[in-house]
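Numbers restart at 1 for each chain; the letters A, B, ... are given by sequence-line order, proteins then strands. Values in this document were obtained by computation on a predicted structure and should not be read as measured data.
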Number of protein chains: 2
Amino acid sequence: MESAKDNGESKTDVLIIGAGPSGLMAAYWMARCGINARIVDKRGTKVFTGQADGLRMRTLELFDSIGFQHRVQQEGHVAVEANFWVPDGKGNLIRQGPHCSSKANESPFRNMLLNQGRIERFLLDSIQAHSDLQVERGVIAETFEYDEKMEDDPNGYPITVKLRTLSDEEANPSSLRVTETNHTAAARGVARGNLLLDDWNELVTRSRAKETKSEIVKAKYLIGCDGAHSWTRKQVNIPLEGSTTDHVWGVIDVVPISDFPDIRRLGTVTHASGTILVIPRERNMVRLYVPVQTIEAVTTSEGRFDRSKITLEIIKQRVQVIFAPYTFDFQVCDWWAAYQIGQRIAPTFSKGNRIFLAGDAVHTHSPKVGLGMNMSMQDGFNIGWKVALVASGVAQPSILGTYDAERHRLAEMLLDFDRHWSGLFTEGDEESKPQNMIKVVELFEDFADGRKSFYGASELVWKLENDRDQPAARHLTPGERFPPVKLRMQADGNLRWTTRLLESDGRFRVVILAGDMREATQKDRVLALTQSLSGSDENESLVLDHYTPIVGHFDSAIDVIAIHSAPWTEVEFFDFPKILRPFDPVRGWNYDKIWCDDACIWNKDCDGKGYERWGVDRMRGAMVVVRPDQYIGWVGELEEVDELTRYLDGVLIRKAANNCPH
Amino acid sequence: MESAKDNGESKTDVLIIGAGPSGLMAAYWMARCGINARIVDKRGTKVFTGQADGLRMRTLELFDSIGFQHRVQQEGHVAVEANFWVPDGKGNLIRQGPHCSSKANESPFRNMLLNQGRIERFLLDSIQAHSDLQVERGVIAETFEYDEKMEDDPNGYPITVKLRTLSDEEANPSSLRVTETNHTAAARGVARGNLLLDDWNELVTRSRAKETKSEIVKAKYLIGCDGAHSWTRKQVNIPLEGSTTDHVWGVIDVVPISDFPDIRRLGTVTHASGTILVIPRERNMVRLYVPVQTIEAVTTSEGRFDRSKITLEIIKQRVQVIFAPYTFDFQVCDWWAAYQIGQRIAPTFSKGNRIFLAGDAVHTHSPKVGLGMNMSMQDGFNIGWKVALVASGVAQPSILGTYDAERHRLAEMLLDFDRHWSGLFTEGDEESKPQNMIKVVELFEDFADGRKSFYGASELVWKLENDRDQPAARHLTPGERFPPVKLRMQADGNLRWTTRLLESDGRFRVVILAGDMREATQKDRVLALTQSLSGSDENESLVLDHYTPIVGHFDSAIDVIAIHSAPWTEVEFFDFPKILRPFDPVRGWNYDKIWCDDACIWNKDCDGKGYERWGVDRMRGAMVVVRPDQYIGWVGELEEVDELTRYLDGVLIRKAANNCPH
């Protein structure tokens, strides 16, 4: 960031308000692309306990593209099968299940549970690995001005925010989120034993008492990730619209003492008075979503929801009633909360393509769908790269308009899913509940797990008319993710999932599905393509050199990789065109651009069936543009360079004429 | 550690000299078991570049039992297939291969390459996660006294060592290990770009100029891990015996610029004048072992090997000759060294069961077998838990004698392998070299990869006469590792490899292979066994409660787990005896003691064939004792509790009579 001026005023390209999962995701892109950015959060520390916990496969794929999926895998809890418990009419509960999605294997990863605090830790570590960007904690935004006249000036700073550093007391309220029922030191939620070392170090060194001061920050772009009561949203007068239902819910993170057989398995327990959702977690914890009572019982005479009427004891007693004849109790409660279910959404997620809102700031819903953190992170992921590339002069400002289009539709689906799903917990007859639940899950699971993103047509997503499949690649659909496949690197034989290969580094990727390179005619097609892209000798440069690079990071905003279909041992690295073997006089050849879809005898996941999964002919191949966020932007034949160029021209900014060699 | 006394004298139970891989492995156990220990190293910082890089599957299994295998997996380079290049007689080189071991899949992990500096990082992080033990860097041992009269007194401190803190200049010699050929800032070996963030932070905060001071330390046990020129070994007058060969070798870690097709693949390149070993590494580096010349050429008139006559340029030119007609050059050299091949071994690895030597201190050999770091770490791993358990009063001091017996035999095999393998690089005709190399690799691969450990019979390893297989478990062999299988946890369905399940936490494990618990007779057998082990109600305690606990860590030095063979959905957690469901009034039930060998549809590695792999009847099961280091100690039938007790009595110390409830 630029240093504060004498008058306490500074400039930043991007200001992010809120360092929860969505804000940190957006900040990751700023760190990765070297953007002049700041991120502030009113809390004095990161989250350590409670909050969200569900991680859907698509989120885990994105983590893999960032580089910390292995840490989630090591610590998290997998939950694939679900069990549904219903009364048998004789006073007992009986199990229906386990039910397992038939699509569980359509990702390298399975749905998992791990608390938000750990995810924030991993994101913070990734941000630190790539930049000096630090979350400024205990800092609130107090005043806001927006100068619409500057909206179209890419060099203008239309946003003015006054930031204030909070005192230690303001930033770290004494009301711990941790509640103990039966006090013992060991049972304390926030104690070294309950925190991993990296988080513990952060907690003990958290920002200590400091001067409270104010500062004026001028910004080109503002991303508001400041939660359901978003200050940012209020500044731009965007409402949250929707309704609440008439039920009050409790959510508890406890170490249960229960003889319920499936207390460590994902599932539901149904009772005439409502259904509990059981979510097993790391370190023997279980999260329970508990229907507590109707809203009337806790409404004040002024008609307001009085949260203080719900206690941990009340929630526990409700669980005991619903779990009967099984027992339920606990000594350790890591976190708990009471909430009223509602579905609310902002009519728009942005203003003037300068101010963007993400996560709970623009959509709130029941947490029971296990999707909130996922959706919020994917919001931050979606807007983050777009703002980063526009702020750095690489991408057309017009792509910022796709944020609202892409994410608003998803938020509406989220609310729709939540309405269907949450309703089942307090309504309907008990016996048919499991079947109804499975029906709802199956109806929404492509959306919920993130296997489908439903991003519509735009300059970033070129679809064929009527959403027809591209004949060259029937299952590579613009607007959808690149279906994960485990590949071998041609040069060294190491294996990598495409989720990690398509690294989230800010670049668009032209993926050449090169087909069978043993055949001379196919090799010629690939050569002709690469010559169109980059010229036939090292000094010539065509398509790829036309666009503004990500200065200080990459010479080109476009990465080119090839995935061929011949057996690994039957082609050689040097068989491939030069563009796929970039050479640097110090670092030598770059070996990680050429990959092979061939079965590997020492790894069962690498089955050599990628082309089939993508619907691509193993001989002829195809060409795909993958956006920086791993979503498919364009699909075509190897010869369709002109159309590819038109796609890129709609998204990226050409170098200024005097810098262009042609 | 106890604080230094006025006279500059302190006591510690265990002193470890040397914080390389073997010393850190030993220190891990001290951290894990809460031992009063110190570890010192004369170097001012850990290793960052160069040194060892080969990681065999068994080492990776041990890492999994410690908890950081996922970090190696994320950063390291897999090398499974090998290619052998030989002259074709017409001036060209031709490839023979790839050759892949038929046993590559007999572990969760594949052989990998990653530099020693990263492994030290992960070990240091594990030590920190479990204790406050810190490596004291820039500290050398200067004087040594040993009082043999105290040898048999478990409370005695027979070892006296004077430690001295070095000045900054002494500890951090200016002769950087990094050599640059063509200087550019980017090409510097030790620069932020070449180090991961955690290592970089350590480097910049390394111990700064400090007072040099001396201190007398009295210790019960001393573990010398101080390398080939071991100071510790010299104090106890143990020689290194063996011979050197007549060849000088160079080893270089470079970022190669070469058109050799397999520069990124494990393999050899043979020439009339010798064979190069090519080892691909992380971050585009390659390690080459290069036969440089005969020893005469670099011997001084006094008959000493003059290392200064070997330069990086000379090594490079040799590679160019052997690689011809392919090109070879580099700009970045991370590390290089010249060495004379020799095989030397100490006749004994210990003195008086108080002083132990590990790693290079007692065996040196050619690095080309890619085993040195593995063997050293396994030495430290082997002696570490034994000293930790004896020092804490849990285990019989007599088990310390097994260190020498178990590891000396392995070190001899290592030297034997090295003699066979290294000889091939400078001898024999070129054409038959690949077949000869494959023969040697296949002859030694069970040993080299660690699939077999060859630990002989002792109080820790109960073998049947004539090494017969146990009929109850034909492939579970005392003295060998527990063959890895991926299992499901009964309570929650999560998957875990046995390598991680059998965590290196200091405890012996009684593994009850419970068979098919759906059958009443089998269930009765399991119940009878567990009642013999722990009594039939919670207040009674038999076998398991007889032994001294690991104070402050575990109530018992014996952990009991079950692995049953019924389908996961057809038995329940509460079907199992109480001993397998330990209950704590605060933390509730412990769910991770009951596991299932059943195929899982959402994970290909979990195939439900564990019992078959172990040679155990799926109905009747068996019983196994696994030592703290995951090696099998004893195997029997579920009824053989008396024999089990005799095994445990030979290893563990019974509680003092007045503390014993019986």
Side-chain angles (χ1 to χ4, degrees), chain A residues 67-71 73-74 77-81 97-98 100-101 104-105 110 125 128-129 182 184 186-187 196-197 255-259 261-265 280 284 329-332 489 491-495 568-569 572-574 583 585-592 600-605, chain B residues 67-71 73-74 77-81 97-98 100-101 104-105 110 125 128-129 182 184 186-187 196-197 255-259 261-265 280 284 329-332 489 491-495 568-569 572-574 583 585-592 600-605:
Chain A
F68 63 76
Q69 170 53 20
H70 63 300
R71 299 179 71 183
Q73 215 68 36
Q74 180 78 356
H77 186 95
V78 177
V80 177
E81 294 101 344
C100 180
S101 164
N105 291 331
R110 308 291 167 264
D125 288 350
Q128 200 198 356
N182 204 337
T184 73
L196 291 176
L197 189 67
V255 178
I257 299 175
S258 168
D259 61 6
D262 282 356
I263 193 71
R264 295 291 309 154
R265 294 178 185 171
N284 266 11
D329 204 343
F330 58 84
Q331 301 286 316
V332 178
M489 198 193 287
D492 70 14
N494 269 239
L495 308 184
W568 179 58
T569 54
E572 302 283 348
F573 176 73
F574 287 102
F583 182 79
V586 172
R587 304 294 305 179
W589 277 281
N590 197 329
Y591 296 97
D592 61 3
C600 173
I601 59 169
W602 48 268
N603 188 288
K604 293 173 189 151
D605 286 325
Chain B
F68 64 76
Q69 169 53 21
H70 63 299
R71 298 179 71 183
Q73 215 68 38
Q74 180 79 357
H77 186 95
V78 177
V80 177
E81 293 101 344
C100 180
S101 164
N105 291 332
R110 307 293 167 264
D125 288 350
Q128 200 197 356
N182 204 337
T184 73
L196 292 175
L197 189 65
V255 178
I257 299 176
S258 168
D259 61 6
D262 282 356
I263 194 71
R264 295 291 310 153
R265 293 177 185 171
N284 266 11
D329 204 343
F330 58 84
Q331 301 286 316
V332 178
M489 198 193 286
D492 70 15
N494 269 237
L495 307 184
W568 179 58
T569 53
E572 302 282 349
F573 175 75
F574 287 103
F583 181 79
V586 172
R587 305 293 305 178
W589 277 281
N590 196 329
Y591 295 99
D592 61 3
C600 172
I601 58 168
W602 48 268
N603 188 290
K604 294 174 189 151
D605 287 324

Query raised in the report: What option among B:Q74, B:Q73, B:K604 has the most heavy-atom pairs under 4.5 Å with chain A?
Result: B:Q74
**Report entry** Which residues share a side chain to side chain contact (heavy atoms under 4.5 Å, CB included) with B:I257, sequence neighbours left out
**Finding:** A:F583, A:W589, B:Q331
Report summary line: Heaviest contributor of heavy-atom pairs below 4.5 Å to chain A, chosen from B:D592, B:V255, B:T569, B:N603, is B:V255
Report task. Select, from B:M489, B:E572, B:H77, the one with the greatest count of heavy-atom pairs under 4.5 Å involving chain A. Result -> B:H77
Query - Contacting moiety of A:D259, where chain B heavy atoms sit under 4.5 Å - result: both
Query raised in the report: Which answer fits A:F573, side chain, backbone, both or neither, if we ask what part of it has an atom under 4.5 Å from a heavy atom of chain B?
Result: neither
**Report entry** Portion of A:S101 that has a non-hydrogen atom of chain B nearer than 4.5 angstrom
**Finding:** neither
Query raised in the report: Quick one: what part of A:D329 sits under 4.5 Å from any heavy atom of chain B, side chain, backbone, both or neither?
Result: neither
**Report entry** Partner residues of A:E81 under the side chain to side chain contact (heavy atoms under 4.5 Å, CB included) criterion, sequence neighbours left out
**Finding:** A:P98, A:C100, B:R488, B:W568, B:W602
Query raised in the report: When heavy-atom pairs shorter than 4.5 Å are enumerated against chain B, which of A:P256, A:P585, A:A79, A:A104 gives the highest number?
Result: A:P585
Requested in this report: Go through the atoms of A:A491 and report whether side chain, backbone, both or neither lie under 4.5 Å from a heavy atom of chain B.
Outcome: both
Query raised in the report: Which atoms form the tightest heavy-atom contact between A:I601 and B:N105, and what is the distance?
Result: O-ND2, 3.0 Å
